[in-house]
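First comes the structure, then the notes that go with it.
Both ligands and their constituent atoms are indexed starting at 1 by order of listing. Worth knowing before you read on, the calculation uses all heavy atoms, side chains too, and leaves out hydrogens, waters and symmetry mates.
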Amino acid sequence: MAEIAERIREVNARIGAAATRAGRDPGSVRLMGVTKTVEIDRVAEAFAAGLTLFGENYVQEGLAKAAALPGAEFHFIGHLQSNKARKAAESFAMVQSLDRPSLAAELSKAAVGLGRVLPVLIEVNLGDEESKSGCTPEEAAALAERAGEWQGLKVVGLMALPPWSENPEATRPHFKALAALAERIRGLNLPGVEMRELSMGMSGDFEVAIEEGATIVRVGTALFGERQRNG
Ligand SMILES: *Cc1c(COP(=O)(O)O)cnc(C)c1O
């Protein structure tokens, strides 16, 4: 297996090439290392190699890594239970998986208590698969319309985890749909909403996602290798 630093260089080069192909500034796309089940030592190795943004799916695991790596930016990207909202608001720079009003209320209350405004992305379930978290496009628009109610939150964009496919081109229509939804919500000029981030694209399809407007690509396997099963 290649060194993590080398993989980061490779993925960054592919990000740059995809952005350039799409006529975009490579600096407009951020690489997030997805570190669920990855040991702290290897996350530290990635941080030392220059990767500064990480995504975690589990609150406790993310807390431990964030505490061990001051200066690194951790976003929460997993399904968030309301009873973990306080811990998440405390320890993560952004929550990318807001998918229901009750969670927005809990996160906002926690953020207000901490004296901060927490940036959040609304997670949209484009594949309409029951097993995955995320709300429907209609629910996403409805959540954005209510953003002004949640003083502790600022909605800064959308996140999606489309149905997995071996062929990245099969995912392109989902990326297009997410970008179009963001555009539609942006056009509403809602209070508490600034549609500037599109978090989409993973190891198998991040180049296609960049061509369709991704500003954050969430890459696990291509940086850290295969995860343990159920990881
Ligand atoms: C695991 C995960 C990823 C990364 O997937 P890879 O295919 O390993 O790059 C991205 N986003 C979310 C929400 C994940 O859970």
Separation between CZ of R7 and CG of L51, rounded to the nearest 0.5 Å: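 One finds 13.5 Å between CZ of R7 and CG of L51.
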Charged N to carboxylate O below 4.0 Å: is that the case for [X] and [Y]?
X	Y	value
E10	R14	no
R184	E138	yes
E197	R30	no

Which atoms of ligand 1 sit under 4.0 Å from any heavy atom of [X]?
X	answer
N57	14 (C), 15 (O)
T221	6 (P), 7 (O), 8 (O), 9 (O)
V219	9 (O)
R218	4 (C), 9 (O), 10 (C), 11 (N), 12 (C), 13 (C)

Is the gap between the ring centers of F92 and F74 under 6.0 Å?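 Between F74 and F92, which both carry aromatic rings, the centre distance is not below 6.0 Å.
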Does ligand 1 have an atom under 4.0 Å from some heavy atom of R227?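 Judged by the 4.0 Å heavy-atom criterion, R227 does count as contacting ligand 1.
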Would the distance check show the side chain of S97 and the main-chain N or O of H79 forming a donor-acceptor pair, the cut-off being under 3.5 Å?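 Between the backbone of H79 and the side chain of S97 there is no qualifying donor-acceptor contact (under 3.5 Å).
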Can you figure out which of K36, M159, E226, M200 has its heavy atom closest to atom 2 (C) of ligand 1?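 Comparing heavy atoms across K36, M159, E226, M200, the nearest one to atom 2 (C) of ligand 1 lies in K36.
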Heteroatom proximity flag, G220 to ligand 1, N/O under 3.5 Å: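 Min N/O separation from ligand 1 is below 3.5 Å for G220.
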Select one of side chain, backbone, both or neither to describe which atoms of L161 lie under 4.0 Å from any atom of ligand 1, heavy atoms only.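 Side chain only.
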